[in-house]
Every structure is written in structure tokens, then in C-alpha cells.
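Values in this document were obtained by computation on a predicted structure and should not be read as measured data.
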Amino acid sequence: MDQTQDFKSLQDQIQAALIATTRTTGQISSEDLGFQRSFNPEMGTALDEQSERLLSLASALLKSAVSISELRAPILQDADDVENNWRGVVDVIDSLLEKSDTCLDEYTGVIKRKEPATGEQSSQSSSKSKKHGPLGNAFRTQNLVKPQLAFENRPNNDDNTPWRPLLVSKPHATVSLEESLGTVANGSEQHQYKHPYETEILELKYSDAVYRKADPIPYLPVESTSAIFVDTAEGVLEMLNELKTATEIAVDLEHHDTRSYVGLVSLMQISTRNKDWIVDTLKPWRQDLQVLNDVFADPKILKVFHGAYMDIVWLQRDLGLYVVGLFDTHWASRTLGYAGGSLAFLLKKFIDFDADKKYQMADWRIRPLPEEMFFYARADTHFLLYIYDHMRNELIDKTNPEIPEENRIELVLQKSKETSLLRYERTIYNAESGRGPGGWYSLLVKTPALLSNEQFAVFRAVHEWRDQIARADDDSPSFVMPQHVLFSMAKLMPLDMVALLGIAHPVSHGVKSRAGELLALIKSAKARGKSGPSMIDVLRPDSVGGVAKANLPTVAASTAPKTLVAIFDGTELRSESSTFWGGAFGSSLWDSPTVTHSETLRLAVPLPVLSSEIFALSNGLADRPIAREASGEPEEPITQSKKEDKAFVIKRGAKQKNDALSDEVKSEEEVSNDSAAREGRAKATEKAARKAEKRAKKAAKKAAAAAAIGGDTEDAGEVDSEEAFDYSKADSVLRGKRHDGEKGGRKKEKPFDPYRKSEDAPKGMRRLQTERAGKSHTFKG
């Protein structure tokens, strides 16, 4: 069978299965599953089983998807994990779509797959022969003796002073070291030392070879060459002598940030056109590597990095190395508009080399270095100069020097300069605002859940405690307590040791050994949180409430207490024309305001001073006058001009014949309505006279009866008095007789119903029948 037909049949099967699944999902979601669970326990058990099955299938799919990428599959154990790890799921799907897009481009010819050259077959076969499985436990974070304990200059995590560069000398300097180490203020108003090579980098002029096209120089096969592992001071000097003779070098770093608060540069790879070096940067004499500034700061030697954003900072912090003459292939790939910007993408595009990026998560402190990790580290720089040759030529081809936006080679070099000007700054924890690197503010902004006042107080307290423990133990905060454990602590607020240790999973030694301290901290923070600030007020201080509080006027001290009233400008609340209708109405209220306003419009309701007298009187609040600040000018009386409401039309053209006839009919109706109104008023007058006469007769009878009994004449004169009700003569309510009117008499009138006329009004539209998922049927009438 033809392959096209096979793919078409497979596509039809997959599409039919997806449609059926989507339809079934829609039907299930439209049902009230909560009611079904409570009504039928078996239904709840079946739903739980199916949910567990779907979660396991989703986890298996994610693991299969990340096997061809450098991502980690999120773990989905329950429904909450789907929401908490949704960002990870999206990243996996994005990586699949990116790979699919790349494959389609290669299939359609948009991207040409590079044919392997002679001498490259062996390297490709060796790289493809290595199966890319998951990272084994032997390469993950190990419980090793921390190498920073043996450093000559051990890191001080509690030092909040400005970080001073480690340089003891400045090769290739145009400005001396003492003059270049001035202080400047950063964005947080903290003083920091300037970049020692700032002047040299800004005045740098790249060599002509960067602006000139040349045939790419083929790289040497991996099998016929070997990398040199440098772990002695003598080996560093030998490497330095060879690097000085090169015109371009490729550099990359391997970093470890789990068992260190600020992180450790664990390995440095350097390659020339002919040789590769792997430098051990965990030796106690690591700061002696500053001798490499003879090459790194030499403007005549081009340093090729990929994604040097963090590498530049790490080199300054740990080794005292500064880069002058940087070319970042990451900015080159972005400027050229490549579909991907990672080093793995470039290796696949230009070399057809599959880099196993799982070793990015490996523990690079392991010594001796395993063979797999050694090969991975070497591959990062071995092919980088060959990739640079291709990207340089492509940038030159697409460069238009006359238009700055299209001068692509110059754009890449300028971005590379900006990257090399980055400086390392200490991580200073701000417990109040939570701003800055490592603060709690960024975590809460990214969290969709809203914490209560108590939960918010616990979150801030535990976050600060975690940072203190991480600094003391020289571990990363995420190793001391992962982010999901931190949020679980804040939401659940455990109050006993069993609950605390049950939440803290995985639990580090730093947390387990200080569990009692952490438990007391949570209890005290929860107690303080009842009267503490809310999460929404802290995250959004410029909200409406915050603005209203900021606009409260200053009240001068006086004998009589005054209430605080928020003052707002009336022009901000009332516009001159209707926003919705515009100028459609000729007699609009917005055309000429009829109410005179004072200088300020008081929107807040003034509250009286609460005292015991107010609560003693039932109407004390209502009778209390509202205190208002006396203004210097007398208030003008509010006058409101009465306007006659007239009928209006939105758009009126010339008067037509039908309009004229309707006007004549209206005039006749007005005459008839006037005569009917006069007759109605006459009838109402006669009816009132009859009622008054009846009331007078009734009063006379009552007065005569009172006089016959001998009652007081004054009491008899009160015509409105009534006799006391005698309950002994009253009829039974439960067994009372039914008083129906006599036969042939007038029927009792029904009581007045104010909604009677509404029954004749037009009916509203019936409620539409919503469409339900599933099959529909048509019946003949």
C-alpha cells in the first residue's frame, strides 16, 4: 500500500478518536458530578478510578515527550498537580510543537539538512550510538563533601556590603584598576562597584575578520582528537601559552546551584580549532585562574560563547575573569530568526549532532568526572567555532550597512558587548517588600491562589526563615524547602509536628533538624496574621483603597472632633457629555448642569465619633448632626431649574403626511380628554359630600346613645372613639359560621388588585431550551 494512503488512514483514525473523546468529555463536563457522587457512591468510585487512569496516561505521555528534549516531565499524582504543574505541561507541548515545526520545515525544504562531510561520519555514528535515556541517580545531586569548604576564599552569604571584584591585576587595560573601581547606584539605590573593564569594552573595535566572509574551517573528528583535563596550576599555564596563539576560542561553563547558596562554577570548557581543554574549577586555588585574563581580556582574541548571560556573571563571581571581545551565538540565532535558540538546535542544524541535554541537571561536582559527562562537556565547545563560521557568513550576507536596523552583524556585536558588561551583585533579602532576587513577591505574583491574612503572614515568615537557613547551611533555598512545600505550609498552617513533617516532603536535613523552630514560627505568624495586612493590599498598594487612604486630608487639631472625609474632584466623576449617548439628546442633562457644586465633592459618608452616649440612646445616631469642616466662603443655595420633559426622537427628518395626520388626531384626543377630566372631578366632589354626610349621621347616633346611658358629655363629644371589644361575645375563629350573601343579593366585590392590568400586557419571551450534548431527533407533527 502507498505510504500516503497509510498516513491518510492513520490520520482519519486519530481524528475520529479525538472527536469522540472530545464529545464524551463535553458530555461529562456538562453533568453535575458532585451530585452524582453524593447520590451514588459507586459512581464516585468509578470516577476516581478513571481519573487515576487518565492521570497515569498523561504522565506516561509527558515522560515519552520529554525523552527527546532537555525538559523534565511534571509528575501528575492528583488533580491538583495538573493545576500546579500546568506551566511544565505547556513547556513540554511547546517543545513538541517546535520540533514538529522544524521537521515540517526540513520536509518542505525551508531548512536544508546539512549533509555530513567526510570525516564527520565517525562523530555522528558515535553520537547516535549513545542512547539518550533518563539521567541516572548516579549523576544526580549527590551527598558529597562541599568543595567550597576547602576554598582559600570561602563564600560569606551574610555579607550585605557591595561586592568588590576579585581582580588583583588588570591585563590589557586602558584605565588602571584603581581608577576603574568606582561605585555606582543600581536600580534599588544600592551602591555597587563599577565594571573593571567597562571602558575597554565600550571602546572595543572587533577585528576585520569578524566582518569578512570566509569558508568555514572544518572541525577535527572527535575520535582522532582528545580533550585535556586540567586540574593543576602547571596545566593551566601550559594551556594559557597555547591559547595566546589563537585568534578565536570557544568557552562554556558547567554550574552547580543546589548545594550552594550563590552557586559554583564546577567546570570550564575551552576549545581552539585544534584542541579542547576541560578545566576543573573546584580546586582550592581556583582564584589563581585569573591569569587567564591575559586571553579573556585580550581584544584581539575573539571569545565565542552561546548564551553568555549567566556565564559572564559566574566568571566574575567565582574566578575573577572578564571577557573583552565576546561573540554570543545566541544573539546571532535570534537576529537571524532561527526557529530555535538553544545550543542543541544549532548542533542539530549545522552538525547534525544530537546533544544529550539531560546532563544539564547532573551534579558537576562529581570527581572523577564520568565518561558520559566528560563527552557532553567537550561537545559544547568542540563544534562551536565551526557553527560561528556559518553564522558569521549568514549575518554578513543579510547585512545592509546603510540601514541600522538591517545591519545584523553590528547588532549581534552590540548585544554581545552589552552582555559582557553585566556585573555580579550580592543577593540582599528584603523581608518587608519581598522585592529583588530571591524575594517572596515574585512567587506570589505568579501564584493564582489568594491567601488569607493568616496564610499570607505564615508564607512570609516561612519564606524568610528558609532564606536564613539556606545562607547558614550554604544551600540553595529550593533545596532547603521546595516551592510547593512552602505554599503547602502557608495554606495548611500545621500546628503539630506530625502534620508538619507530613507536609514537608521531601524534607531536607536543615528542616528536619529545626522542625521545632519552624513549628513555633508558624504558630506565632498565624497569630500575628489575624491583625496583619492582606495579600491583595501588599501586592497592589496602588488599588482604589490605597489611593483613597493616601488622599485623606490632614485634619488640624481642634476642640470638637472632626470626621475624615475623602475629597475628590467633581470634574473627574462628571463629564460634560454622555459617554454612551454622546450628543444624541437635545435636552441632555450633560449639556447644562443644573446643580451648582461646591469646590469639592464629598463621596465618603462621615462617621460620628463612637461613644457610650450614642449606644445609650436609640436615636442618638440619627439625631447627631454631621460635622463638616467650615469653608471660608458661604455655600450658595442649591437651585434646580425645572424643565419640562418632552418626547424626543433620536433622528428626525422632514415632516411627512402621516405625521401631520397623527397631529390632528392627537388634538382631537386632547379635547375629549379635557371634558372627561371635568366630569370626573364633578363626580369625585359629589362622592366626597355623600361620605361626609354619612359620617355626620353616624356621629350623631353615637352621641345620642352615649347621652342615654349617662355617659360623660365630653366623652360623647369624641366622635372618633370606639367601644371596647368584648371577646366573650366574639364568634369562634376556628368554627365560625360562613356568612354568605342572601340569594338574589349583590355579590361581594373582589378586593382591589394592583397587578390586574398587567395580565393584559404582552408576555415576555419564553425561556429558551438549551441544547444538550448528544444525538437530536426530529418528529413529524
Side-chain angles (χ1 to χ4, degrees), residues 11 13-31 33-34 47-105 132-137 140-141 257-258 307 339-345 348 354-362 440 442-451 459 476-479 481-492 503 505-506:
Q11 182 182 8
Q13 294 176 6
I14 295 175
Q15 185 175 3
L18 289 175
I19 293 175
T21 304
T22 306
R23 182 181 290 113
T24 304
T25 304
Q27 293 176 354
I28 294 175
S29 61
S30 63
E31 299 294 337
L33 298 181
L47 289 173
D48 293 338
E49 293 177 355
Q50 293 301 322
S51 299
E52 184 178 357
R53 174 175 171 270
L54 292 175
L55 287 173
S56 62
L57 289 175
S59 300
L61 288 174
L62 291 173
K63 290 181 180 179
S64 176
V66 299
S67 62
I68 57 174
S69 66
E70 61 272 13
L71 300 175
R72 298 181 63 182
I75 301 174
L76 306 179
Q77 295 181 351
D78 51 23
D80 294 336
D81 290 341
V82 178
E83 182 178 357
N84 297 334
N85 300 324
W86 183 247
R87 183 69 258 174
V89 176
V90 172
D91 291 340
V92 174
I93 296 175
D94 287 345
S95 66
L96 290 178
L97 294 176
E98 182 179 352
K99 290 182 180 297
S100 301
D101 189 26
T102 303
C103 293
L104 289 175
D105 289 341
H132 296 173
L135 185 64
N137 293 330
R140 296 185 182 273
T141 302
D257 54 4
T258 303
S342 63
L343 181 58
F345 175 83
K348 185 67 177 176
D354 294 321
D356 196 355
K357 287 299 179 181
K358 68 182 180 183
Y359 292 106
Q360 283 183 335
M361 307 304 298
W440 51 262
S442 59
L443 291 179
L444 290 183
V445 169
K446 299 176 183 178
T447 303
L450 185 64
L451 304 179
F459 176 83
S476 66
S478 59
F479 177 80
M481 182 182 295
Q483 307 291 8
H484 69 277
V485 175
L486 176 62
F487 279 102
S488 299
M489 291 283 184
K491 293 178 181 179
L492 301 179
I503 295 173
H505 181 76

Checklist entry - Partners of D91 by salt bridge (charged side-chain N to carboxylate O under 4.0 Å, His left out), sequence neighbours excluded? => result R87

Item to check | pair L486-L443: side-chain heavy atoms closer than 4.5 Å | outcome: yes

Next on the checklist: Just so I know, are the side chains of P74 and V89 near enough to count as touching, which here means a heavy-atom distance under 4.5 Å?
Outcome noted: yes

Could you report the tightest heavy-atom contact between [X] and [Y], atom names first, then the distance?
| X | Y | value |
| --- | --- | --- |
| P482 | P506 | CD-O, 4.2 Å |
| A65 | V92 | CB-CG1, 3.5 Å |
| V485 | H505 | CG2-O, 3.6 Å |

Within this structure, what is the [atom1]-[atom2] distance for the pair [X] and [Y], rounded to the nearest 0.5 Å?
| X | Y | atom1 | atom2 | value |
| --- | --- | --- | --- | --- |
| L62 | L76 | CG | CG | 6.0 Å |
| F487 | L444 | CZ | CG | 5.5 Å |
| K491 | F459 | NZ | CZ | 10.0 Å |

Checklist outcome for this item: Residues at least two apart in sequence or cross-chain that pass side chain to side chain contact (heavy atoms under 4.5 Å, CB included) with L492, listed by chain then number, are I503

Item to check | Which residues share a side chain to side chain contact (heavy atoms under 4.5 Å, CB included) with L61, sequence neighbours left out | outcome: none

Next on the checklist: Main chain of A60, side chain of S64: is a donor-acceptor contact present, judged purely on distance under 3.5 Å?
Outcome noted: no

Next on the checklist: F479: which residues meet the ring pair (Phe, Tyr, Trp, His ring centres under 6.0 Å) condition with it, sequence neighbours left out?
Outcome noted: none

Next on the checklist: Can you list everything that forms a side-chain hydrogen bond (donor to acceptor under 3.5 Å, both in side chains) with D94? Sequence neighbours excluded, please.
Outcome noted: none

Next on the checklist: Considering only residues two or more places apart or on different chains, which pairs with a residue in residues 48-61 satisfy side chain to side chain donor-acceptor pair (under 3.5 Å)?
Outcome noted: R37-D48

Checklist entry - Is the number of heavy atoms from other residues, nucleotides or ligands under 6.0 Å of I75 CD1 greater than 12? => result no

